[in-house]
Amino acid sequence: MMKNRSAAAPFAVWMLLFTIVPLGVVVWFAFTDAAGHFTLDNIAAIQGHLGTLAYSIALGALATVICLFLAYPLAYSISRKTERVQQTMVMIIMLPMWMNFLLRTYAWMTLLENNGLINRFLGLFGIGPLGMINTNGAVVLGMVYNFLPFMVLPLYSVMTKIDSRIIEAAQDLGSNGWQIFRRVVLPLSMPGIVSGITMVFVPAVSTFVITKLLGGSKTQMIGDTIETMFIGQAANYNVGAALSLVLMVLILLCMAFMGMVDKDEEGGLVV
Amino acid sequence: MEKEIIKLKDIAVSFDGEPVLSGLNLSIRDGEFVTLLGPSGCGKTTTLRIIGGFVTPDHGDVFFDGKRMNDLPAYRRPVNTIFQRYALFPHLNVYENVAFGMRVQKKSREEIKKTVGEMLALVNLKGFEKRGVNTLSGGQQQRVAIARALANNPKVLLLDEPLAALDLKLRKDMQVELKNIQKSLGITFIYVTHDQEEALSMSDTVVVMDGGQIQQIGTPQDIYNEPENAFVADFIGESNILDGIMHEDYLVEFFGRKFPCLDAGFGPKEPVDVVIRPEDIDIVSPEKGHLTGTVTSVTFKGVHFETIVDFKGFKWMIQTTDYYEVGRQIGIVLNPEDIHIMKKSAYSGMFGDYSSYSEEFDELADPEADLVQESVDEENI
């Protein structure tokens with residue numbers, strides 16, 4: 001018993017320093033005014049940002065769904081290869097993640113700009129220039145591109161655990177390709193779907209760099225709003241904290257819902 | 001029993017340029033219990049997978065009920081498989097595992113319920129419907145796999161080393177149970193194993209395989225008593241295999257001595273392999289024996305002593321219920337019915353000498369190795 005307790009000590013310290021204390025600070029800011037008195041004004045002020053909040057969730061959800069549809073077949077085909085091929089393919093998926101996040105997003109800027117590479121190429125055929133930068137599409141593209149590996153990896157990791165003999169057994173019992181997918185592969189990959197959605201949706205909803213670089217001034221997501229609350233002349237730490245808190249609660253609700261969809265999930269994020 | 005249900009004609013398969021099966025011909029009659037028996041890598045599992053539709057032969061045809069079914073995908077074949085390590089669906093409970101095939105076929109709820117009930121009764125798993133398959137013991141998982149395969153009402157059941165993962169006692173019980181199920185349902189079983197005892201005790205027909213080829217097909221008695229070549233003689237039970245010369249019908253010479261035997265039809269002075277089973281040899285006092293030798297090792301096996309005896313430098317195994325201590329001179333008597341003559345084959349001289357005998361050599365290679373190899377191979381097709 002004592003041994004267990006002492007082994008948990010580093011975790012307790014970590015929790016206290018990096019989870020409980022910062023969360024406490026956020027909550028304190030959210031429920032106080034500039035003078036430090038208790039108030040609900042900050043929470044009430046969120047009403048003015050509900051549109052942005054809904055918009056962020058919509059864009060984040062769209063990017064998550066696109067990631068899921070792209071990553072699922074990709075992860076499945078990787079998982080059915082031999083081990084060496086799998087390692088190489090996963091490596092290639094991971095490779096862009098080791099490059100700086102800003103750099104990757106800037107790269108998309110130079111591609112999508114009105115006089116960027118894509119438009120210049122299209123110009124050769126007399127097409128365009130197409131207005132691609134500073135659109136919602138560009139933002140979603142940036143999210144999908146940046147967060148796709150977070151969807152592929154958890155999916156891949158549950159799919160490699162599906163024994164090929166189980167798939168053969170389904171075939172043997174009369175299932176065609178679609179039935180194998182629906183009755184065996186999909187249910188068995190559910191934990192990966194849930195953790196993939198979590199790992200893409202959460203950063204996608206709260207991103208502000210991608211919107212700033214690819215969305216221009218037209219697109220504002222909740223991440224951008226929160227940023228302006230902490231930086232610049234209009235800074236208001238209290239409303240910013242309240243917004244962050246609400247965002248966190250919304251994300252937790254989304255996750256709880258996902259958890260209910262997959263009640264057999266063995267738990268924990270699979271990385 | 002007479003109608004042919006499955007026929008493999010001139011089958012050849014290779015994985016990565018390595019031939020796995022070649023020139024394989026096999027005919028299986030309806031209602032028969034056929035066992036494919038052989039060591040790891042002999043091609044027995046591949047043969048089963050060809051029938052199941054999981055491996056496409058490079059050459060040759062597969063017939064079912066007289067119809068060619070090479071191009072029929074696995075899910076359309078009227079056969080079901082019990083896989084090595086069962087391959088149960090881990091996300092489904094016992095009931096849903098057994099119901100799987102019928103759900104795919106969109107059977108009615110009542111029919112599924114009725115059949116699952118019957119199948120679970122058949123394998124003695126009534127009351128386990130709601131249990132998750134991962135909470136079951138190996139033997140129970142095995143039963144679920146049997147029920148799941150039989151619920152589809154297959155004409156042929158393919159069994160891929162189904163008992164390999166069970167302990168000895170349970171394996172023996174399941175052997176009897178499987179045999180009873182096969183008899184009561186009257187369907188064809190094609191059973192793959194590397195366990196010769198299992199093959200002999202369960203089968204109507206045993207197909208002994210090695211090196212991707214069939215070595216012998218016959219009833220268990222035929223295979224044991226009349227092995228075709230040195231490989232079969234050695235693989236099925238224990239055998240002393242000696243070089244001999246057939247002088248005329250019913251007369252063979254070995255160790256410089258002529259013995260009457262029951263075999264005929266060989267050419268004059270034809271060199272042959274002589275098989276003498278260790279349990280057929282009678283030990284007598286040295287002066288009364290046809291041959292005399294010296295005991296070099298004795299191992300107690302429970303039922304008998306495994307005695308290794310040196311005859312002029314060639315070591316024989318003799319199984320005897322009497323104890324003869326190491327160093328003792330003994331004589332042996334060979335009756336005509338104890339001597340079996342085989343034609344010389346590629347396997348001659350490879351088996352049947354116990355000079356380098358040790359228990360370890362008798363152990364078979366790990367069946368897992370076979371499994372891993374074959375699943376790797378199938379990825380590459």
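Below, chain A is the first sequence line, B the second, and so on; all start at residue 1.
Between the OH atom in B:Y86 and the CD1 atom in A:I166 there is a gap of 13.5 Å [rounded to 0.5 Å]. With rounding to the nearest 0.5 angstrom, the CZ atom of B:F89 is 11.5 Å from the CD1 atom of A:I162.
Interface residues of residues 98-110 of chain B toward chain A, defined by a heavy-atom distance below 4.5 Å and sorted by number: B:F100, B:G101, B:R103, B:V104, B:Q105, B:K106. Contacts of residues 172-183 of chain A with chain B at a heavy-atom distance below 4.5 Å involve A:D172, A:L173, A:G174, A:S175, A:N176, A:Q179, A:R183, listed in sequence order.
In this structure, A:F69 places its CZ atom where only 12 or fewer heavy-atom neighbours from other residues, nucleotides or ligands lie under 6.0 Å away. Sparse packing is recorded around NZ of B:K7, with 12 or fewer heavy atoms of other residues, nucleotides or ligands lying under 6.0 Å away. The neighbour count for B:R68 CZ, taken as heavy atoms of other residues, nucleotides or ligands under 6.0 Å away, is above 12.
Among the candidates B:L88, B:T81, B:N152, the residue making the largest number of heavy-atom pairs closer than 4.5 Å to chain A is B:T81.
No part of B:R77 comes within reach of chain A, as not one of its non-hydrogen atoms sits under 4.5 angstrom from that chain.
In this structure, A:R165 and B:A87 approach most closely via the heavy-atom pair O-CB, 3.5 Å. Listed here is the closest heavy atom pair of A:P187 and B:H91: CB-CD2, 3.4 Å.
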